Number of protein chains: 2
Amino acid sequence: MVLQRIGDKWTPLVFQVLKDGPQRFSAIRAAVQGVTPKVLTQTLRTLERDGLVSRTIFAEVPPRVEYGLTPLGQTLLGPLDAVRAWAEEHAGKILQSRQDYDDQAEASTAVVSK
Amino acid sequence: MVLQRIGDKWTPLVFQVLKDGPQRFSAIRAAVQGVTPKVLTQTLRTLERDGLVSRTIFAEVPPRVEYGLTPLGQTLLGPLDAVRAWAEEHAGKILQSRQDYDDQAEASTAVVSK
DNA sequence: CCGTATCCACCGAGATACTG
DNA sequence: CAGTATCTCGGTGGATACGG
């Protein structure tokens, strides 16, 4: 369950952005380039529902909303970083392995596909 | 990328099964109850492509195929376990948080939905 | 500024049946 | 035994446009 939560497309990026302190919606959106407002809202709401992220509304003009990691969310940073470290160390091997696998598959079907 | 790989529905379960040594297809299927052969094959193939799992065919009668973690796959066990430990420790809080969140949402819309 | 509304394409996953 | 072949469906994520 937890793996599926942190395994979704944007959650790990959001965590990365929030780990240094609370951020505004626009700031997160800018930091996580490529995310649409709808999806970012979805992601943040889900994390809020799970108690990993807090949402604070400031009654100002212009309106301001800040998202930050809750204490619970912060305890997730450790395990998350363990995986991140592993990923950075071994990403090359995985990519290489895929390349080899695909090349071989292509070679096996070369006659057919040609 | 790595998080999405290990965050899919069956991968973590497969890892759990293989961590104690290579297993046959049927054995994995039995251990990971609820998985269909098609999906299990998909999962294993993807892991094989990424170099995390090895596939060994024994030319016997009846045929036998064993899947096991590669050295690379084994290095993933550590980080994976860190997340698993976190999950087991905090799962209750997450569930509780969801409950609270949903209850409140329901209360807010009670009049409307009624 | 901070989102919501709507529509849609894609894909993971399941059910079922069949095969080397 | 160890898969493959089809078909189907629901839900995630994206594009675009609009609202409080």
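Naming convention: chains lettered A, B, ... in sequence-line order (proteins, then strands); numbering from 1 in each chain. All values reported here derive from a predicted model rather than from experimental measurement.
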Colleague: Nearest heavy atom decides the nucleotide; on that basis, is A:Ala27 or B:Gln42 closer to the 5' end of DNA chain C?
Modeller: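 Per heavy-atom nearest nucleotide, the more 5' residue is A:Ala27.
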Colleague: Is the phosphate of C:dG14, meaning OP1 or OP2, less than 4.0 Å from a side-chain N or O of B:Lys9?
Modeller: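 Result: yes.
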Colleague: Can you check the A:Gln4 CD to C:dA13 C1' distance for me, whole Å?
Modeller: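 Rounding to the nearest Å, CD of A:Gln4 and C1' of C:dA13 are 11 Å apart.
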Colleague: When A:Asp100 is tested against each of A:Gln104, A:Arg98, A:Gln96 for side chain to side chain donor-acceptor pair (under 3.5 Å), which residue passes?
Modeller: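 Answer to the side chain to side chain donor-acceptor pair (under 3.5 Å) test with A:Asp100 among A:Gln104, A:Arg98, A:Gln96: A:Gln96.
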Colleague: Write down the atom of A:Ile6, the atom of A:Leu76, and the distance for their closest heavy-atom approach.
Modeller: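 Minimum heavy-atom separation between A:Ile6 and A:Leu76: CG2-CD1, 3.9 Å.
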Colleague: Could you pick out which residue, A:Arg64 or B:Thr43, lies toward the 5' side of DNA chain C when each is mapped onto its nearest nucleotide?
Modeller: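 By nearest-heavy-atom nucleotide position, the 5'-most residue is A:Arg64.
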Colleague: Just wondering, more than 12 heavy atoms not from B:Glu88 lying within 6.0 Å of its CD?
Modeller: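 Atom CD in B:Glu88 is packed in, count exceeds 12.
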Colleague: Rounded to the nearest Å, what distance is computed from the CD atom of residue A:Gln23 to the P atom of nucleotide C:dC2?
Modeller: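 The distance from CD of A:Gln23 to P of C:dC2 comes to 11 Å, rounded to the nearest Å.
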Colleague: Nearest to the B:Phe25 side chain among C:dC2, D:dG3, D:dG14, which nucleotide is it?
Modeller: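 The listed nucleotide nearest to B:Phe25's side chain is D:dG3.
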Colleague: Want to settle it: does A:Pro63 or A:Gly34 sit nearer the 5' end of DNA chain D, counting the closest nucleotide to each?
Modeller: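 Taking each residue's closest nucleotide, the earlier one in sequence belongs to A:Gly34.
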Colleague: Does the side chain of A:Arg24 get closer than 4.0 angstrom to OP1 or OP2 of C:dC1 through an N or O atom?
Modeller: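 Looking at the OP1 and OP2 atoms of C:dC1, neither is under 4.0 Å from any side-chain N or O of A:Arg24.
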Colleague: Quick one: A:Asp8 CG to C:dG12 P, roughly how many Å, whole number?
Modeller: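 So the CG-P distance, A:Asp8 to C:dG12, works out to 15 Å.
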Colleague: Quick one: is D:dA2 close enough that its OP1 or OP2 comes under 4.0 Å of any side-chain N or O from B:Ser26?
Modeller: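 Answer yes for this pair, as a side-chain N or O of B:Ser26 is under 4.0 Å from OP1 or OP2.
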Colleague: Between B:Arg45 and D:dT4, does any side-chain N or O lie under 4.0 Å from OP1 or OP2?
Modeller: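 Yes, because at least one side-chain N or O of B:Arg45 sits under 4.0 Å from OP1 or OP2 of D:dT4.
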Colleague: Between C1' on D:dG13 and CD on A:Gln33, what's the gap in Å once rounded to a whole number?
Modeller: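 Spelled out: CD on A:Gln33 to C1' on D:dG13 is 17 Å.
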Colleague: Side-chain N or O of A:Arg55 less than 4.0 angstrom from OP1 or OP2 on C:dG3?
Modeller: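 Answer is yes, contact under 4.0 Å.
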Colleague: Between A:Thr41 and C:dT4, is there a side-chain N or O to OP1/OP2 distance below 4.0 Å?
Modeller: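 It does, given that an N or O in the side chain of A:Thr41 lies less than 4.0 Å from OP1 or OP2 of C:dT4.
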Colleague: In this structure, how many angstroms lie between the C1' atom of C:dC1 and the CD atom of A:Glu60, rounded?
Modeller: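 In whole Å, C:dC1 C1' and A:Glu60 CD are 11 Å from each other.
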Colleague: Using whole Å, what does the distance between atom C1' of nucleotide C:dC1 and atom OH of A:Tyr67 come to?
Modeller: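 Spelled out: OH on A:Tyr67 to C1' on C:dC1 is 11 Å.
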Colleague: For a 4.5 angstrom cut-off between non-hydrogen side-chain atoms, does A:Val32 reach A:Ile28?
Modeller: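 SC-SC contact between A:Val32 and A:Ile28 confirmed.
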Colleague: With no hydrogens and no angle check, just 3.5 Å: does a side-chain donor-acceptor pair link B:Asp8 and B:Gln4?
Modeller: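 The criterion, which ignores hydrogens and geometry beyond distance, is not satisfied for B:Gln4 and B:Asp8.
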Colleague: Could you check how far CZ of B:Arg29 sits from P of D:dA2, rounded to whole Å?
Modeller: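 Rounded to the whole Å, the gap is 11 Å.
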Colleague: Taking NZ from A:Lys38 and P from C:dT4, how many angstroms apart are they, rounded to a whole number?
Modeller: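 So the NZ-P distance, A:Lys38 to C:dT4, works out to 11 Å.
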